[in-house]
Amino acid sequence: MKITFLGAAGEVTGSQHLIETSERRLLLDCGLFQGHREASRLKNEQFHCRPKDLDGVILSHAHTDHAGNLPGLYKAGYRGPIFCTPATADVAAVMLYDSAKIQAEDARYLRQKLTGPHPSVEPLYDESHVEGVIKRFETLPYGQWHELAPDMKVRFTDAGHILGSAIVELEVEDHKTRKRIVFTGDLGRRGIPMLRDPVRVDGGDVLITESTYSDRIHAPSQDIEMNLEGIIRQTADRGGRVIIPAFSLGRTQTLVYFLNRLFNKGVLPKVPVYVDSPLSKEITSVYRRHTQDLDVEFQRTLQTDQDPFLFPGLRYVQSASESAGLNHLRDPFVVIASSGMCETGRIVHHLKHAVSDERNTIVMIGFQAAYTLGRKIQERHPYVRIFDREQPLRAQVESLSGLSAHADVEDFKWWFQRLIDTGGVGEAFIVHGEDYSRRALAGLLENVSNEPPRLPQFGETFEV
Ligand SMILES: [Zn+2]
């Protein structure tokens, strides 16, 4: 049996791993490469897995870096099943339609703007390809083995990373030898709000593990609720606005859930809260349809609160005109909008109107990549460029860490312990992380895998 790493090898986007036996070809995840436009475009257009010849695709979760190129795979001729959990199918459908829409808008904009010879600005795929993907979803509930073929079985267990996320266990037979493969997908954390803890699984022959934050320890997430309450209260007392950049999938729902808890406790300051993102609204509806996949605390909340994603004073903003209208409000309010790194989306407008007023507070809750507007705000640059205009940064800036949905060192150690207790793993492959975090994870795997862990490069094939 062979495994070829076709993405997320030494980087954190484009997750895609090919498993081949003498009989079958299976793809784990089909993520979008993100980053520099031209280089990513090339990587996203060229599949190295012969899409038409694949027997199946297994999707660990709906984040773009794991699912975002499924329509591209369909466009390249793939017509087989795509296995995932029911919640992942629903979240992925929303995300992929949104991705097709944004690509079409970008292409239109660039066609108008670019003159002279330039690389292709065509979208990678369109809505018809997304439709094709959605028809091919075959959903499997958590915890049940499913026979993909007589020589291949799969089981999903909760990865605790986002709604629907799964750890993939595979049993594959080749030349009468049975092998057990465990793929972490993205591994979540213990004790974070709303999501259940990752499920620990038994060891086996092969482990493919992510490594995003294997070099750090996250702050506990309990403090965030209290900090948020304090920030909103102080900002409202000054007559200012609270601006929170947040990604539409996961972060926004968690924030709303925190605010809802504060409301239920009677301590949420009485200021309007706007979730200014049609995509967040749609994803939140998916969360509402799959509450059975959320944690015990959430189930308890449901007994007294029918909808933990809604409270008096909260409004989901749909239209662009209503969004623009928020900028003319005089009284304090809270707005949550995407994107989380402030590069695109409605948040940019809110920042434009808010950064130069010292009464306002910008709350950074997620990782801010280098050179993004979000990073510049977080580092408190005296001036920031928004829509081609330099503006002084006078607003207060608060950073709340602890909302990461990726396992940290302690989570990895805890999760690996079960592998050790059940005989460890034969071989381990470390993916989905910069090289320094992959090396850090290799250290943690010392007692887990029989062989020294491997750090595959793009396109590298291993016989297992
Ligand atoms: Zn993820």
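Each residue takes its place number in the sequence, starting with 1. All ligand and atom numbering here is 1-based and tracks the order in the structure.
Every residue meeting the side chain to side chain contact (heavy atoms under 4.5 Å, CB included) condition with Ile420, not counting sequence neighbours, appears here in chain and number order: Gln417, Asn447, Val448. Taking Asp126 as the reference, Ser128, His129 meet the side-chain hydrogen bond (donor to acceptor under 3.5 Å, both in side chains) condition, with sequence neighbours excluded.
Applying the 6.0 Å contact sphere to CD of Glu446 captures no more than 12 heavy atoms from other residues, nucleotides or ligands.
A side-chain N or O of Thr212 and one of Glu210 form a donor-acceptor pair less than 3.5 Å apart.
Protein N/O/S atoms nearer than 2.8 Å to the Zn ion (ligand 1) total 4.
The existence of a salt bridge linking Lys179 and Asp174 is excluded, since no basic side-chain nitrogen approaches an acidic carboxylate oxygen closer than 4.0 Å.
Within the structure, salt bridge (charged side-chain N to carboxylate O under 4.0 Å, His left out) pairs that include any residue of residues 52-70 comprise Arg50-Asp53 (at least two apart or interchain).
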